[in-house]
Amino acid sequence: MADAIAESTAKLQLDKETGEMVSKNELKKRLQKRAKKAAALLRNSRPMPAQISTTGDRELVNALPGKPAKTEEPSIDPDAMFKQGFLAEVYKLRPVENIVTRFPPEPNGYLHATLLSAADFLPLQQFDDTNPDAEREEYCIAIKETIRWLGFTPSEITYASDNFQRMYDLAEEMIRKGKAYVCHCNEVETKQQRGGDEGMIPRYRCEHAKQSVDTNIKKFRGMRDGEYAPQTAWLRMKQDIENPNP
């Protein structure tokens with residue numbers, strides 16, 4: 001379930017006007033529609049050409065073409081994202097006054113415009129430093145300096161690696177509850193089990209899901225101790241394969 005959530009979340013983008021998280025294609029359609037609407041409003045707001053009337057030797061300008069009337073900028077509601085869409089339903093279940101969000105860049109490069117657009121409303125900065133092969137200290141320093149240069153001060157700076165032991169303990173707890181297991185399927189096999197590229201194949205579990213709790217604990221500790229080659233073993237959530245969004 002965790003990997004499915006990560007995949008679906010990574011594909012969503014923020015619609016700043018509505019506060020909703022939508023797919024890239026949906027956001028593109030909305031932006032195009034708004035651009036057409038703005039262009040139509042601009043055309044309608046243009047004044048008529050100047051009308052000149054003559055009185056004797058004197059010409060009076062009755063109307064002069066000028067710049068289109070400036071439309072007022074729509075006011076931004078900071079709570080808009082909690083009033084409609086998915087987050088509105090979540091907020092109804094657990095309404096709270098103070099909501100803390102986070103800005104979680106991976107320190108494997110310098111910040112770019114897409115990431116910076118999310119920094120203006122994320123007071124908690126967390127470095128997702130879980131891939132040491134691609135991350136360097138210079139990127140951490142550069143990210144901190146860029147955020148300060150933009151005028152933002154995170155309320156707290158944390159590192160995902162600080163929680164490794166806690167995450168590991170929770171993983172073992174999930175295994176003991178029968179909610180997770182160690183899988184050895186490759187990418188192609190896993191995709192088939194999830195319905196294939198088009199999602200037309202009935203979902204099914206692999207044989208590893210039948211392993212006992214003791215076997216999964218032993219294998220998971222083996223993963224921790226480096227007994228398996230990279231990408232040959234991974235902890236997998238025992239999802240509800242009948243659910244269209246497991």
Side-chain angles (χ1 to χ4, degrees), residues 1-16 19-28 31 81 85-87 90 98-175 180 182-188 190-191 194 220-221 223-226 228-237 239 245-246:
M1 183 175 184
D3 55 342
I5 292 176
E7 287 181 14
S8 61
T9 303
K11 297 178 181 178
L12 297 180
Q13 297 187 2
L14 175 66
D15 184 337
K16 291 188 175 182
E20 295 177 287
M21 300 299 292
V22 297
S23 66
K24 183 178 180 180
N25 288 336
E26 174 63 21
L27 182 59
K28 183 179 179 180
L31 293 176
M81 67 174 63
F86 168 73
L87 286 178
V90 175
N98 298 318
I99 298 174
V100 178
T101 54
R102 66 191 180 99
F103 178 51
E106 181 180 354
N108 60 354
Y110 302 104
L111 291 182
H112 50 78
T114 304
L115 283 173
L116 291 176
S117 66
D120 59 349
F121 60 93
L122 299 175
L124 176 63
Q125 182 178 337
Q126 174 175 307
F127 285 103
D128 191 9
D129 57 337
T130 56
N131 183 14
D133 293 335
E135 296 154 2
R136 298 207 300 265
E137 179 65 21
E138 69 172 278
Y139 296 138
C140 287
I141 296 173
I143 290 172
K144 292 178 182 178
E145 291 177 347
T146 302
I147 295 298
R148 284 198 299 268
W149 178 79
L150 288 170
F152 301 115
T153 303
S155 60
E156 184 180 0
I157 297 178
T158 62
Y159 296 83
S161 57
D162 293 339
N163 300 312
F164 275 172
Q165 186 60 49
R166 174 61 176 160
M167 289 188 284
Y168 178 86
D169 294 340
L170 289 173
E172 282 207 0
E173 183 178 335
M174 289 180 63
I175 294 174
V182 174
C183 181
H184 300 280
C185 296
N186 58 36
E187 183 178 356
V188 175
T190 303
K191 185 174 291 185
R194 293 175 176 170
F220 188 56
R221 291 177 178 176
M223 292 171 58
R224 176 197 62 189
D225 297 335
Y228 297 96
Q231 300 183 357
T232 61
W234 53 295
L235 189 65
R236 191 172 183 180
M237 181 84 74
Q239 306 172 100
N245 184 26

Check [X] against [Y] and note the closest heavy-atom contact, atom names and distance.
X	Y	result
Tyr228	Ala233	CG-CB, 3.9 Å
Arg236	Thr190	NH2-CG2, 3.7 Å
Ala160	Asp129	N-OD1, 3.1 Å

| query | Can you list every pair that meets salt bridge (charged side-chain N to carboxylate O under 4.0 Å, His left out) and has a residue in residues 160-173, with sequence neighbours left out? | reply |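 Sorted pair list: Glu172-Arg176, Glu172-Arg221, Glu173-Lys177.
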In Å, rounded to the nearest 0.5 Å, how long is the span from [atom1] of [X] to [atom2] of [Y]?
X	Y	atom1	atom2	value
Arg136	Ile141	CZ	CD1	11.5 Å
Cys183	Met237	SG	CE	14.0 Å
Leu235	Ile175	CG	CD1	5.0 Å

| task | Please examine the side chains of Phe127 and Ile143, heavy atoms only from C-beta on, and report whether any two atoms are closer than 4.5 Å. | result |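 SC-SC contact between Ile143 and Phe127 confirmed.
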| task | Mind checking side chain to side chain contact (heavy atoms under 4.5 Å, CB included) for Ala142 and listing every partner two or more places apart, or none if nothing turns up? | result |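 So Ala142 forms a side chain to side chain contact (heavy atoms under 4.5 Å, CB included) with Tyr110.
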| task | Take atom CD of Gln231 as the centre, draw a 6.0 Å sphere, and report whether it contains more than 12 heavy atoms from other residues, nucleotides or ligands. | result |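 No, CD of Gln231 has 12 or fewer neighbouring heavy atoms, counting only those of other groups under 6.0 Å.
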| query | Would a distance-only check, ignoring hydrogens and angles, find a side-chain to backbone donor-acceptor pair under 3.5 Å from Trp234 to Asn186? | reply |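 No: the side chain of Trp234 does not pair with the backbone of Asn186.
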| Taking only residues two or more places apart in sequence or in another chain, which ones pass side-chain hydrogen bond (donor to acceptor under 3.5 Å, both in side chains) with Tyr159? |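 So Tyr159 forms a side-chain hydrogen bond (donor to acceptor under 3.5 Å, both in side chains) with Lys144.
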